[in-house]
Amino acid sequence: GYVGKVNMDRNGLPGILQETTEESIRETLRWLEGCHFDHVKPILTPRFTPSCTNELMAALGRLAQEKGLYVQSHLSENLGEIQWVKELHPDCILFFRLGDFYEMFDDDARLAARELDLTLTTRDRNVEDPAERTPMCGVPYHSAEAYIGRLIAKGYKVAICEQLEDPALAKGLVDRDVIRIITPGTVTASSMLEENKSNYLCAVYLSAQSGGTAFCDLSTGEFCAANYPADAVSHILNELGRFAPREAVCADAAAENDDIRTFLTKRLGSLVEAGGDRFEYMAAAARVCEQFGVQSTDALGLGEAPAAVC
């Protein structure tokens, strides 16, 4: 079994108990000294309720490591880790798992609050200037799929940063990592898909000599690819209009082509991403052969269609 200890730093809230970081740590140490149980282990449960500071969280983290304590927290990491994870996925809305919620911070919180009709809060209530407070909002993890589906339907990408271990068993800070990135073209959950409507992810290749497209519906496994040796842009636009992809990964020349980009973003409302070096023929051919379990692209009818393979 476990015994819990809640640490709350309530600085700056008039009429409510105010506790400094030093006082909270001293109180925690006194509580630990008084724990004399044979079959239970103490567990720190710091919570940002109503406002637990970064300073206190850092101090509790050091205390947990020093004493070998278990930590269970709705926010056991400070903004440094959250910002670090966000920097790895700047084009995604970061859903950061904290206890029973997925929380969003800063610009992600502002965007999600606007798109999902959520209420913005802050954990920095002790900061006097409201402009310097970190905005945040959250959704319960058990109903997060519905919220994610709404964001995906609006063309956003969502990165899920999940707890990789049981918070009750973790020593020190809970280990977390981004386990999934959900985009409009990679959705497979039926709850996020429109019934009786295909959901295509596409790749668009363009060079001075030719062009190619490939379309895949990950929810059904449907795959189509085509090569255009002449009048490539016109053929590409026709195919885009026919398949209406939710998301497009474009080779550099295709991404820079005004007609293609405008058609995707303005006409279709597709999420567009530049593919960079992912459009190298030999590597692409190897991936295609591996995926379909064949020895060469000839077996797929793509041997004379290099632009489709790219």
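This structure is a prediction, so every number in the text was calculated from the model and none was measured. Position 1 is the first residue of the sequence, and the numbers go up from there. FYI, side chains are in, hydrogens and waters are out, and symmetry mates aren't considered; it's all heavy atoms of this structure.
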Task: Side-chain donor or acceptor of Asn227 paired with backbone N/O of Ala307 under 3.5 Å - done: yes
TODO: Give, for atom CZ of Arg97 and atom CD1 of Ile179, the distance between the pair rounded to the nearest 0.5 Å.
DONE: 9.0 Å
Open item on the list: I'd like to know if Ile182 and Phe95 are part of one continuous hydrophobic network [Ile/Leu/Val/Met/Phe/Trp/Tyr, side-chain heavy atoms within less than 4.5 Å].
Closed with: yes
- [ ] Could you list the residues that satisfy salt bridge (charged side-chain N to carboxylate O under 4.0 Å, His left out) with Asp298, not counting sequence neighbours?
- [x] none
Open item on the list: I need the full list of ring pair (Phe, Tyr, Trp, His ring centres under 6.0 Å) pairs touching residues 134-159, with sequence neighbours left out, sorted by first then second residue.
Closed with: none
TODO: Write down the atom of Ala109, the atom of Leu120, and the distance for their closest heavy-atom approach.
DONE: O-CD2, 3.6 Å
Task: Contact list for residues 259-272, test side chain to side chain donor-acceptor pair (under 3.5 Å), sequence neighbours left out - done: none
- [ ] Check the angle between the aromatic planes of Phe96 and Phe105 and answer parallel, tilted or perpendicular using the 30° and 60° thresholds.
- [x] perpendicular
- [ ] Applying side-chain contact (heavy atoms from CB on, under 4.5 Å), name anything that partners Cys289, two or more places apart in sequence or on another chain.
- [x] Val294, Thr297
TODO: Indicate yes or no for a side-chain donor-acceptor contact from Ser207 to the backbone of Gln209 under 3.5 Å, with no hydrogens or angles considered.
DONE: yes
TODO: For residues 250-296, pull every pair meeting ring pair (Phe, Tyr, Trp, His ring centres under 6.0 Å), keeping only residues two or more places apart or in separate chains.
DONE: Phe223-Phe292
TODO: State which residues pass salt bridge (charged side-chain N to carboxylate O under 4.0 Å, His left out) with Asp231; sequence neighbours excluded, sorted by chain then number.
DONE: none
Task: side chain to side chain donor-acceptor pair (under 3.5 Å) partners of residues 285-295, not counting sequence neighbours, each pair once - done: none
Open item on the list: Regarding Glu194 and Arg246, does a basic nitrogen lie under 4.0 Å from an acidic carboxylate oxygen?
Closed with: no
Open item on the list: Heavy-atom count check: over 12 atoms from other residues, nucleotides or ligands less than 6.0 Å from Arg114 CZ?
Closed with: yes
Task: Pairing residues for Glu195 by the salt bridge (charged side-chain N to carboxylate O under 4.0 Å, His left out) criterion, not counting sequence neighbours - done: none
Open item on the list: List the residues meeting salt bridge (charged side-chain N to carboxylate O under 4.0 Å, His left out) with Glu247, not counting sequence neighbours, and say none if there are none.
Closed with: none
TODO: For residues 233-245, pull every pair meeting side chain to side chain donor-acceptor pair (under 3.5 Å), keeping only residues two or more places apart or in separate chains.
DONE: Glu239-Arg242
- [ ] Check side-chain contact (heavy atoms from CB on, under 4.5 Å) between Ser219 and all other residues, then give those that pass, not counting sequence neighbours.
- [x] Leu193, Asp217
- [ ] Any chance you could pull the hydrophobic cluster mates of Leu271, using side-chain heavy atoms under 4.5 angstrom and chaining through other members?
- [x] none
TODO: Decide side chain to side chain donor-acceptor pair (under 3.5 Å) for Thr213 and Tyr228; before the verdict, give the C-alpha distance in whole Å, the side-chain angles of both, and the deciding distance to 0.1 Å.
DONE: CA-CA 8 Å; Thr213 54; Tyr228 316 115; 2.7 Å; yes
- [ ] Indicate yes or no for a side-chain donor-acceptor contact from Asn199 to the backbone of Pro184 under 3.5 Å, with no hydrogens or angles considered.
- [x] yes
